[in-house]
Amino acid sequence: MKNFKTGVNFGCWISQYRNLDYALFRKMSTRDDVMRIRDWGFDHIRLPFDYPLLLDDSDLYTFKPEGIALLDDMLQWSADAGVSLLLDLHWAPGYRFQDIGRNTMFESDELKKVFTALWVQLAKRYSGTGDMLAFDLLNEVAEEGYFDAWVGLAQDTVRAIHAVSPGRDIIYGGVFHNSVHTLELLPIMDDDHVVYNFHYYEPILFTHQFAPWNKVNMDYLHQQEYPADFKDIKQFVADHPQYERTLRRYLDMRCDRDTIKRDLDLAGAFQKKTGRMTYCGEYGVYDKASLASKLNWMRDVTEFFNQYHIGRALWNYLGGGFGLYDWKEQKETNPEVVRIITQTW
């Protein structure tokens, strides 16, 4: 994935939307946005999309014209700008990362068949696009118990895609929301066009402080700086034993570059051991963190990404509490973040 060094997610557009509104989608992101991120210095876009954009539940094998047209247009805009595109299936029929305990895809032969068929259709449609297009099979498998089923489905889907589009770069990752700690569990395919994916939001008590959807941070409720000690971490874990598994490693750490180094060293070690590339499909800091701490974290993460030649895509371009661009105000939110993260090896 030589054209995928530093990118940005176009999340909260045709994924995680409030309403399936094609007219609004066309207003929210346009050719100008792609040109803007090109001018900022990004070389690719990770494009999350949800399956209802393309498929009706009454017919899970036929693309809706208005939905596939949006992907067609984004691919054309990206080509015109000289920017690569990574298609990310954020919500598949029967699987969504936040629906823990309610997902059915890995227990349904029919839905697994639908999953592979969706990607094969996209592979056929875009077979002539060359190496400026790559596929991210599924966003964040969360549950440990689905690991074997997920790996099997991913490998079957890679083979099916490459049967119709040889050489297409395809990424997939482990469990626990694509944790870097599960990279080492992934079996290595005999396929040079498979890239191994992780997401990075560590330490979570810093990157997601006061994020209303994140239960542990809403219970923690501390303004956490970076670098700094974790505030009252031992007492918090003692008072909230339900988070002990999630937070135990922070008990004897600081919120600083050493924590980041320990994690990203795992990706570097994976690359050295396997000879295969890794890619970080998401990373970022929620906007409730102080700006100084956010910039400090971005500098350190960027340094280690570059040290190990890890391509990555920041979360996020538009809003969601992480955005680089304010759609309503039509302005860039933080040029210094852009300057830091677009530095590459």
Side-chain angles (χ1 to χ4, degrees), residues 97 140-144 173-186 196-273 278-310 312 314-315 321-322 337 340-341 343:
F97 69 99
E140 292 191 1
V141 176
E143 302 95 327
E144 183 179 14
V175 290
F176 295 126
H177 300 277
N178 280 7
S179 169
V180 69
H181 296 270
T182 64
L183 269 177
E184 65 178 2
L185 304 177
L186 292 170
Y196 299 86
N197 182 30
F198 67 96
H199 292 178
Y200 195 67
Y201 293 105
E202 293 289 343
I204 195 73
L205 293 180
F206 169 69
T207 66
H208 280 62
Q209 56 191 282
F210 307 116
W213 65 89
N214 188 276
K215 186 70 165 62
V216 61
N217 281 281
M218 289 308 294
D219 286 341
Y220 187 59
L221 283 180
H222 284 296
Q223 184 79 41
Q224 179 63 51
E225 301 297 335
Y226 178 97
D229 291 326
F230 289 105
K231 293 183 179 179
D232 302 324
I233 183 67
K234 292 183 179 179
Q235 187 61 54
F236 177 75
V237 172
D239 293 340
H240 298 83
Q242 69 270 33
Y243 301 133
E244 194 274 338
R245 185 181 184 188
T246 301
L247 301 181
R248 69 167 70 123
R249 75 192 197 97
Y250 299 153
L251 295 177
D252 298 308
M253 292 181 180
R254 295 187 80 239
C255 180
D256 63 14
R257 64 182 280 114
D258 288 340
T259 299
I260 293 174
K261 184 178 187 303
R262 287 186 186 97
D263 291 339
L264 297 188
D265 278 352
L266 296 175
F270 175 90
Q271 292 182 149
K272 184 176 181 180
K273 178 181 178 180
T278 63
Y279 173 83
C280 181
E282 293 182 18
Y283 70 104
V285 177
Y286 190 55
D287 64 10
K288 297 300 181 183
S290 71
L291 178 57
S293 287
K294 181 175 185 174
L295 294 176
N296 289 338
W297 187 91
M298 291 292 181
R299 290 187 192 98
D300 286 346
V301 168
T302 300
E303 176 186 335
F304 290 115
F305 283 151
N306 288 341
Q307 177 180 327
Y308 291 119
H309 292 189
I310 296 171
R312 66 275 188 171
L314 182 82
W315 190 272
F322 293 81
V337 169
I340 291 169
I341 65 177
Q343 298 174 19

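FYI, the numbering just counts along the sequence from 1. The structure displayed is predicted, hence computed values, not measured ones.
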Test side-chain hydrogen bond (donor to acceptor under 3.5 Å, both in side chains) on T302 and Q343 and set out the steps.
-> CA-CA 8 Å; T302 300; Q343 298 174 19; over 6 Å; no

Using the side-chain contact (heavy atoms from CB on, under 4.5 Å) rule, take V237 and Y250 through it: C-alpha gap first, then chi angles, then the decisive distance, then the call.
-> CA-CA 10 Å; V237 172; Y250 299 153; over 6 Å; no

Output, in order, the C-alpha distance, side-chain angles, deciding distance and verdict of side-chain contact (heavy atoms from CB on, under 4.5 Å) for W297 and I260.
-> CA-CA 9 Å; W297 187 91; I260 293 174; 3.7 Å; yes

Determine, step by step, whether N306 and R312 satisfy the side-chain contact (heavy atoms from CB on, under 4.5 Å) criterion, reporting the C-alpha distance in whole Å, the side-chain angles of both residues, the deciding distance to 0.1 Å, and the verdict.
-> CA-CA 10 Å; N306 288 341; R312 66 275 188 171; 2.9 Å; yes

Give the intermediate values and the outcome of side-chain hydrogen bond (donor to acceptor under 3.5 Å, both in side chains) for residues N217 and H222.
-> CA-CA 8 Å; N217 281 281; H222 284 296; over 6 Å; no

What do the steps show when you test R249 against D263 for salt bridge (Lys or Arg N to Asp or Glu O under 4.0 Å), and what is the final call?
-> CA-CA 11 Å; R249 75 192 197 97; D263 291 339; 2.8 Å; yes

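D265 and Y308 form a side-chain donor-acceptor contact under 3.5 Å, judged by distance and modelled atom types alone. For the residue pair S179/T182, the side-chain donor-acceptor check at 3.5 Å is not satisfied. Looking only at atom types and distance, the side chain of D300 has a donor-acceptor partner in the side chain of Y226 under 3.5 Å away.
In this structure, E140 and E282 have side chains that are in contact, with non-hydrogen atoms separated by less than 4.5 Å. Residues H177 and H199 fail the side-chain proximity criterion, which asks for heavy atoms closer than 4.5 Å. Residues Y283 and I341 meet the side-chain proximity criterion, which asks for heavy atoms closer than 4.5 Å. By the 4.5 Å heavy-atom criterion applied to side chains, V141 and F97 are not counted as neighbours. When side chains are defined from C-beta on, T278 does not count as touching N197, because their heavy atoms never get closer than 4.5 Å. The side-chain heavy atoms of H181 and L266, taken from C-beta on, include a pair separated by under 4.5 Å. Taking 4.5 Å as the limit, some side-chain heavy atom of D219 sits within range of a side-chain heavy atom of Y243. The side-chain heavy atoms of K234 and D252, taken from C-beta on, include a pair separated by under 4.5 Å.
Atom SG in C255 sits 9.5 Å away from atom CG in D229 (nearest 0.5 Å). Note that CZ of F206 and NZ of K231 are 11.5 Å apart. Values are rounded to the nearest 0.5 Å. Note that the NZ atom of K261 and the CG atom of D256 stand 12.0 Å from one another [nearest 0.5 Å]. Interatomic distance, K294 NZ to D287 CG, rounded to the nearest 0.5 Å: 6.5 Å. Here the CD1-CG distance, from I233 to L251, works out to 6.0 Å after rounding to the nearest 0.5 Å. Considering SG of C280 and CG of L264, their distance stands at 7.5 Å, rounded to 0.5 Å.
Taking the six-membered ring for Trp, W315 and Y200 have ring centres at least 6.0 Å apart. For Y220 and F236, the ring centers are positioned less than 6.0 Å apart. Centroid-to-centroid, the aromatic rings of H208 and F322 come within less than 6.0 Å. Ring to ring, Y196 and Y279 are not that close: their centroids are 6.0 angstrom or more apart.
Crowding of K288 atom NZ: a count of heavy atoms from other residues, nucleotides or ligands under 6.0 Å not exceeding 12. For E184, the CD atom is loosely surrounded, since the number of other residues' heavy atoms within 6.0 Å does not exceed 12.
Between F230 and M253, the shortest heavy-atom contact is CD1-O, 3.5 Å. Here the closest heavy-atom approach between residue T207 and residue G284 is recorded as CB-O, 3.5 Å. Contact detail for E225 and S290: the closest heavy-atom pair is OE1-OG, 2.7 Å. Annotation for A267 and I310: closest pair CB-CD1, 3.8 Å, computed over non-hydrogen atoms.
The pair E202-R257 fails the salt-bridge criterion, with no side-chain N (NZ, NE, NH1 or NH2) lying under 4.0 Å from an Asp/Glu carboxylate O.
Q209 meets the side-chain hydrogen bond (donor to acceptor under 3.5 Å, both in side chains) test with Q223; sequence neighbours excluded. Every residue meeting the side-chain hydrogen bond (donor to acceptor under 3.5 Å, both in side chains) condition with D239, not counting sequence neighbours, appears here in chain and number order: Q235.
The aromatic rings of F305 and F198 sit tilted, their planes meeting at an angle between 30° and 60°.
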